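Residue numbers start from 1 in every chain, and the chains themselves are labelled A, B, ... in the order their sequence lines are given, proteins ahead of strands. Note: hydrogens, waters and symmetry copies are ignored here, and every other heavy atom, side chains too, is used. Keep in mind the model is a prediction, meaning the values are calculated, not measured.
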Number of protein chains: 2
Amino acid sequence: MAKVLKTKDKILNAAERLFAEQGFEHTSLRQITGIADVNLASVNYHFGSKKALIQAVMERYHSAFMPELDIRLVELEAKGVTSTEQVLNCFIEPLLSLQRINPNGTSIYLSLLGHAYSEIQGHLRRFTMQNFGHVVQRFLACVQQANPHLTLSTLFWRLHFTLGATVFVQVSGQALSEIAEADFGEQASAQDMIAKLIPFLAAGIAAPV
Amino acid sequence: MAKVLKTKDKILNAAERLFAEQGFEHTSLRQITGIADVNLASVNYHFGSKKALIQAVMERYHSAFMPELDIRLVELEAKGVTSTEQVLNCFIEPLLSLQRINPNGTSIYLSLLGHAYSEIQGHLRRFTMQNFGHVVQRFLACVQQANPHLTLSTLFWRLHFTLGATVFVQVSGQALSEIAEADFGEQASAQDMIAKLIPFLAAGIAAPV
DNA sequence: GTTTAAATTAAACGACTGTTTTAATCGGTC
DNA sequence: GACCGATTAAAACAGTCGTTTAATTTAAAC
């Protein structure tokens, strides 16, 4: 008995798919309502604006991911951080748990994050930091504890390099996966990509100056 | 005797500045012609289309940078590559030499590259690979020579992480620099950013699996 | 069955985009 | 000075976008 989705959920589902595939700005409300098979005006009726729709799509994932991440960071902080890789590993399970929202939840969330940061979505950044800024702070503290030899400035830059590498790969993820599959015959799931990413990032963050 | 610029050059200069600051898609022809103080229609008259203008802006930098990079990669290849950092260092001088085109040439070029890859500019990617694909190939060969312990697949992914980190930081460069200056009192020039980036990337690429 | 609010629909709005058209002007040549 | 191609100028074009309006339908409460 496939549940009949209400208009609001049909919009959210269509939007998250298109946003992840094409980014926020390249996706028009007409595309979304076309796929969702609802009227154009219903987006503004149910969500108020496109901005608000974007935030609603993100929040569904944020609110599932962030608390999970925070739990693991707190645990790690308590028992003491000894390596950068430890910190990054805290991301794995929370990311994979997003598959409960959607079978492709992990890559969708990462894609959305990627587009949120590569497009100029100031309102999203503010929105995220307001709601989950403390998680970001805790993450930073953990990385710092793992790398006491690095100055705050160096850490600042390296974390942004980290963010950049992650984000970019997710945005170009589909295209890259196709190339990788053609060239190396390997299908790269979101999980595989994370596994490949972590050693790279950990080594980069902890690199000597 | 400040040389009076012809319309075509006024457009190119205004376009490269705005493209670097805002990206290609967020920059309208009306913005460009407004700053350049020329008529809107002159863009299509002199360049044919916005796409063609984008390529013209990129080519000015590509044609200055790519041959310089190639020279250094060939030299390095001849004397034998022993470390990843060696390969990345080949980028420094060619990047800095772009300041002859424009005092901010280095960061403008990197910004343009960033936007070219984070926006979906398929035509630019094709254009670049057609003209300078051999340089990319040589770069790949050098990295491979420096890291014989890595599989081609691992290398493929790590180079894209590398690209991502570089690109992202350049796109968000201005915003990040401002934060860094506020928090750590350091002004981060394009040169500084490259110097911070290379150890991070080199360690990431060469990391153990 | 009537009432009332919620939800859906079709249509238009106003603002923006890249591009094209048509006419006016500029610069150099005979 | 008259000609002529190259350049500039103002205006309109055709398309897309997010949003709003006003009318209609649906669904639940009484």
Side-chain angles (χ1 to χ4, degrees), chain A residues 1 3-59 112 115-116 118-124 126-127, chain B residues 1 3-59 112 115-116 118-124 126-127:
Chain A
M1 47 171 269
K3 184 164 167 239
V4 177
L5 293 178
K6 315 293 282 187
T7 298
K8 202 167 172 175
D9 285 322
K10 289 205 281 184
I11 294 175
L12 275 175
N13 290 339
E16 84 171 29
R17 202 189 93 194
L18 290 171
F19 285 157
E21 284 174 5
Q22 313 175 334
F24 302 107
E25 311 222 330
H26 283 90
T27 302
S28 73
L29 296 185
R30 284 168 179 82
Q31 258 188 300
I32 294 172
T33 54
I35 285 191
D37 196 34
V38 300
N39 188 272
L40 168 62
S42 56
V43 171
N44 283 283
Y45 176 77
H46 284 288
F47 295 93
S49 68
K50 187 182 179 182
K51 266 190 190 179
L53 172 62
I54 293 175
Q55 292 181 7
V57 167
M58 288 305 291
E59 212 217 14
L112 291 174
H115 287 294
S118 62
E119 295 178 26
I120 304 165
Q121 295 284 349
H123 68 102
L124 251 184
R126 263 174 274 120
F127 178 78
Chain B
M1 48 171 268
K3 183 161 168 243
V4 178
L5 293 178
K6 315 291 285 187
T7 298
K8 201 167 174 176
D9 285 321
K10 290 205 281 184
I11 294 175
L12 276 176
N13 290 338
E16 84 171 29
R17 204 190 91 195
L18 290 172
F19 285 157
E21 284 174 5
Q22 314 176 333
F24 301 106
E25 312 222 329
H26 283 90
T27 302
S28 73
L29 296 185
R30 283 167 180 81
Q31 259 189 299
I32 295 171
T33 54
I35 286 192
D37 197 34
V38 301
N39 187 273
L40 168 62
S42 55
V43 170
N44 283 282
Y45 176 77
H46 283 288
F47 296 94
S49 69
K50 188 182 179 182
K51 265 190 191 179
L53 171 61
I54 293 175
Q55 291 182 6
V57 167
M58 288 305 292
E59 212 217 13
L112 291 174
H115 287 295
S118 62
E119 297 178 23
I120 304 164
Q121 293 285 349
H123 68 104
L124 251 184
R126 263 175 273 119
F127 178 79

| Interface with DNA chain D, restricted to residues 12-20 of chain B and to heavy atoms under 4.0 Å | none
| task | Mind calculating the distance between CG (B:Leu29) and C1' (D:dA9) to the nearest angstrom? | result | 16 Å
| request: Check the distance between C:dG18's P and B:His26's NE2 and give it to me in whole angstrom. | output: 12 Å
| Which heavy atom of A:Ala14 sits nearest a heavy atom of A:Ile32, and at what distance? | CB-O, 3.7 Å
| task | Using whole Å, report how far CD of A:Gln31 lies from C1' of D:dC17. | result | 12 Å
| field | Nearest non-hydrogen partners of A:Gly23 and A:Thr27, listed with the distance | value | O-OG1, 2.7 Å
| query | Where do A:His115 and A:Phe19 come nearest, in terms of heavy atoms and distance? | reply | CD2-O, 3.4 Å
| query | Atom CG in A:Asn13, atom NZ in A:Lys8: separation rounded to 0.5 Å? | reply | 13.0 Å
| remark: In B:Leu53, B:Ile54, B:Leu18, the residue satisfying side chain to side chain contact (heavy atoms under 4.5 Å, CB included) with B:Phe24 is B:Ile54
| query | Between D:dC17 atom P and A:Phe24 atom CZ, what is the distance in whole Å? | reply | 17 Å
| Atom pair OG1/CG of A:Thr7 and A:Asn39 - distance to nearest 0.5 Å | 9.5 Å
| message | Side chain of A:Ser49, heavy atoms from C-beta onward: which of C:dT17, C:dT19, D:dT19 has the nearest atom to it? | response | D:dT19
| query | Roughly, in whole Å, what's the span from CD1 in B:Ile32 to P in C:dT17? | reply | 11 Å
| field | Gap between atom CD of B:Glu25 and atom NZ of B:Lys50 - 0.5 Å precision | value | 6.5 Å
| Atom of B:Asp37, atom of B:Lys10 and distance for their closest heavy-atom approach | O-NZ, 3.8 Å
| request: Could you check whether B:Thr33 gets within reach of a base, just the sugar-phosphate, or nothing at all, counting any heavy atom under 4.0 Å? | output: nothing
| query | Atom CG of B:Asn44 and atom C1' of D:dA12: how far apart are they, to the nearest Å? | reply | 14 Å
Could you run down the sub-3.5 Å N/O contacts of the protein with nucleotides 6-10 of chain C?
| unit_1 | atom_1 | unit_2 | atom_2 | d |
| --- | --- | --- | --- | --- |
| C:dA7 | OP2 | A:Tyr45 | OH | 3.0 |
| C:dT8 | OP1 | A:Thr7 | OG1 | 2.4 |
| C:dT8 | OP2 | A:Thr7 | OG1 | 3.4 |
| C:dT8 | OP2 | A:His46 | NE2 | 2.8 |
| C:dT9 | OP2 | A:Asn39 | N | 3.3 |

| Which whole-number value in Å describes the distance from A:Ile11 CD1 to D:dG18 P? | 13 Å
| Whole-Å distance between D:dT19 P and A:Lys50 NZ? | 8 Å
| Rounded distance [0.5 Å steps], CG in B:Leu112 versus CZ in B:Arg17 | 13.0 Å
